[in-house]
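Beneath this line is the structure, given in structure tokens, with notes to follow.
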Amino acid sequence: MDRAAVFDVDGTLVDTNHLHVVTWWEAFRQAGHQVPMHAVHRSVGLGSTDLIAHLLGDDRDKEQDAELSAAHTALYAQYFERLPAFEDAGRLLRRLHENEWAVVLATSASGPELSALRRAIDADDAITATASSDDVAEGKPAPEPVEHALELAGVDPGRAVFVGDTVWDMRAGSRAGVRCVGVLCGGIPRADLEEAGASAVYRDPADLLASLADGALA
């Protein structure tokens, strides 16, 4: 396979963004921080430490970061067995695999969370590799997650596309020199995705799947 389709997971293939919003909001609340949910939503897609820094600032008590992250993980883990994949997410990955694309996941999730997400997608037979947060030093919007995904696929940036739902995804893909495609199912407006680097935007995986025949990722 000489071309790769790299996918973000949360908010792109699996309908989890608002679960992250609620569980991060609750983790912050338990620690005494009042963080608006809309602010949390626009930070979803960052790694845990970066998300906390983005929302609380550099003058926060950084010794509390690990506690906040652990609280979020524990709260979010309650949903692991019922995470809902978006319609046709698995079919999209299988169609691309059948069309000789290397399909790689690039996600800040790892461990049991990543396993739960893969179960929800139910398309392991179509996934060539996964670049998780355990594999990189810097998460999105740094290009490293996308660059690592391309290394796993053995494909040059010019032969790849990155599909995601946040501005962090679009910035990471753009910095890695990869064409970026956005989806709206994570709740981020089309204009924001386009401004961050999306060359095309689709409603959700089902819309992208239906558009493949028209050359959506060609």
Side-chain angles (χ1 to χ4, degrees), residues 7-86 105-121 130-146 148 164-173 175 182-193 195-196:
F7 283 85
D8 170 62
V9 180
D10 283 297
T12 300
L13 297 172
V14 188
D15 191 7
T16 53
N17 278 9
H18 290 87
L19 295 176
H20 279 298
V21 170
V22 171
T23 51
W24 270 117
W25 174 84
E26 177 61 15
F28 284 124
R29 189 198 66 81
Q30 290 178 3
H33 301 288
Q34 299 299 318
V35 181
M37 288 193 187
H38 71 83
V40 178
H41 180 215
R42 297 185 72 87
S43 302
V44 169
L46 293 171
S48 294
T49 300
D50 290 335
L51 181 146
I52 294 167
H54 187 71
L55 292 170
L56 298 185
D58 291 334
D59 59 347
R60 70 191 185 283
D61 178 4
K62 295 179 182 178
E63 293 184 359
Q64 197 179 50
D65 286 6
E67 180 182 340
L68 283 166
S69 182
H72 163 258
T73 298
L75 291 161
Y76 182 60
Q78 299 175 77
Y79 300 98
F80 279 0
E81 299 307 316
R82 46 201 166 116
L83 298 179
F86 286 113
L105 306 183
T107 174
S108 58
S110 62
E113 179 183 350
L114 178 57
S115 296
L117 291 165
R118 293 186 66 143
R119 284 197 302 272
I121 300 167
T130 300
S132 77
S133 60
D134 292 333
D135 304 317
V136 297
E138 286 189 271
K140 306 166 197 172
E144 191 175 348
V146 182
H148 182 58
D165 69 296
T166 70
V167 297
W168 318 114
D169 294 326
M170 300 302 101
R171 291 174 185 172
R175 291 169 181 171
V183 287
L184 299 171
C185 44
I188 300 302
R190 177 186 299 270
D192 290 5
L193 295 175
E195 183 180 354

Legend entry - Heavy-atom closest contact (Trp25 atom, Val35 atom, distance): CD1-O, 3.1 Å
Legend entry - Whether over 12 other heavy atoms sit under 6.0 Å from Glu195 CD: no
Inset, instruction - Given side-chain contact (heavy atoms from CB on, under 4.5 Å), test Ile188 with Asn17 step by step and report yes or no. - result: CA-CA 10 Å; Ile188 300 302; Asn17 278 9; 5.7 Å; no
Legend entry - Side-chain donor-acceptor pair present, Thr49, Asp65, cut-off under 3.5 Å: no
Inset, instruction - Evaluate side-chain contact (heavy atoms from CB on, under 4.5 Å) for Leu56 paired with Phe28, printing each intermediate quantity in order. - result: CA-CA 10 Å; Leu56 298 185; Phe28 284 124; 3.8 Å; yes
Inset, instruction - Check Asp192 against Val167 and note the closest heavy-atom contact, atom names and distance. - result: O-CG1, 3.6 Å
Inset, instruction - Would you give the length of the straight line joining atom CG of Leu114 to atom CG of Asp134, rounded to the nearest 0.5 angstrom? - result: 8.5 Å
Inset, instruction - For the residue pair Val44 and Thr16, establish whether any side-chain heavy-atom pair is separated by less than 4.5 Å. - result: no
Legend entry - Criterion side-chain contact (heavy atoms from CB on, under 4.5 Å) on Val9 and Thr130, from CA distance to verdict: CA-CA 10 Å; Val9 180; Thr130 300; over 6 Å; no
Legend entry - Least distance between heavy atoms, Ala106 atom then Pro145 atom: CB-O, 4.2 Å
Inset, instruction - Looking only at non-hydrogen atoms, find the nearest pair between Ala109 and Ser132 and report the distance. - result: O-CB, 3.3 Å
Legend entry - Nearest non-hydrogen partners of Val14 and Pro84, listed with the distance: CG1-O, 3.3 Å
Legend entry - CZ on Arg42 to OG1 on Thr166, rounded to 0.5 Å: 10.5 Å
Legend entry - Any donor-acceptor pair under 3.5 Å from Ser43 side chain to Leu51 backbone: no
Legend entry - Heavy-atom check, side chain of Met37 versus side chain of His18, under 4.5 Å: no
Inset, instruction - Quick one: pull up NZ in Lys140 and OG1 in Thr107 and give me the separation to the nearest 0.5 Å. - result: 6.0 Å
Legend entry - Reported NE2-to-CG distance for the pair His33 and Asp61, which is rounded to 0.5 angstrom: 7.5 Å
Inset, instruction - Might you point out which heavy atoms bring Leu75 and Thr23 nearest each other, and give the distance in Å? - result: CD1-O, 3.4 Å
Legend entry - Within 6.0 angstrom of Glu26 CD, more than 12 heavy atoms from elsewhere: yes
Inset, instruction - Measure the CG-CH2 distance between Leu46 and Trp24 for me, rounded to the nearest 0.5 Å. - result: 10.0 Å
Inset, instruction - Determine, step by step, whether Arg60 and Asp58 satisfy the side-chain contact (heavy atoms from CB on, under 4.5 Å) criterion, reporting the C-alpha distance in whole Å, the side-chain angles of both residues, the deciding distance to 0.1 Å, and the verdict. - result: CA-CA 6 Å; Arg60 70 191 185 283; Asp58 291 334; 4.1 Å; yes
Inset, instruction - Kindly check if the number of other-residue, nucleotide or ligand heavy atoms within 6.0 Å of CD (Glu63) is above 12? - result: no
Inset, instruction - For residues Tyr76 and Leu83, determine if any side-chain heavy atom of one lies less than 4.5 Å from a side-chain heavy atom of the other. - result: yes
Inset, instruction - Taking His54 for its side chain and Val40 for its backbone only, find out whether a donor-acceptor pair lies under 3.5 Å. - result: no
Legend entry - CG on Leu117 to CG on Leu13, rounded to 0.5 Å: 9.0 Å
Legend entry - Main-chain N/O of Glu144 paired to Glu138 side chain as donor or acceptor, under 3.5 Å: no
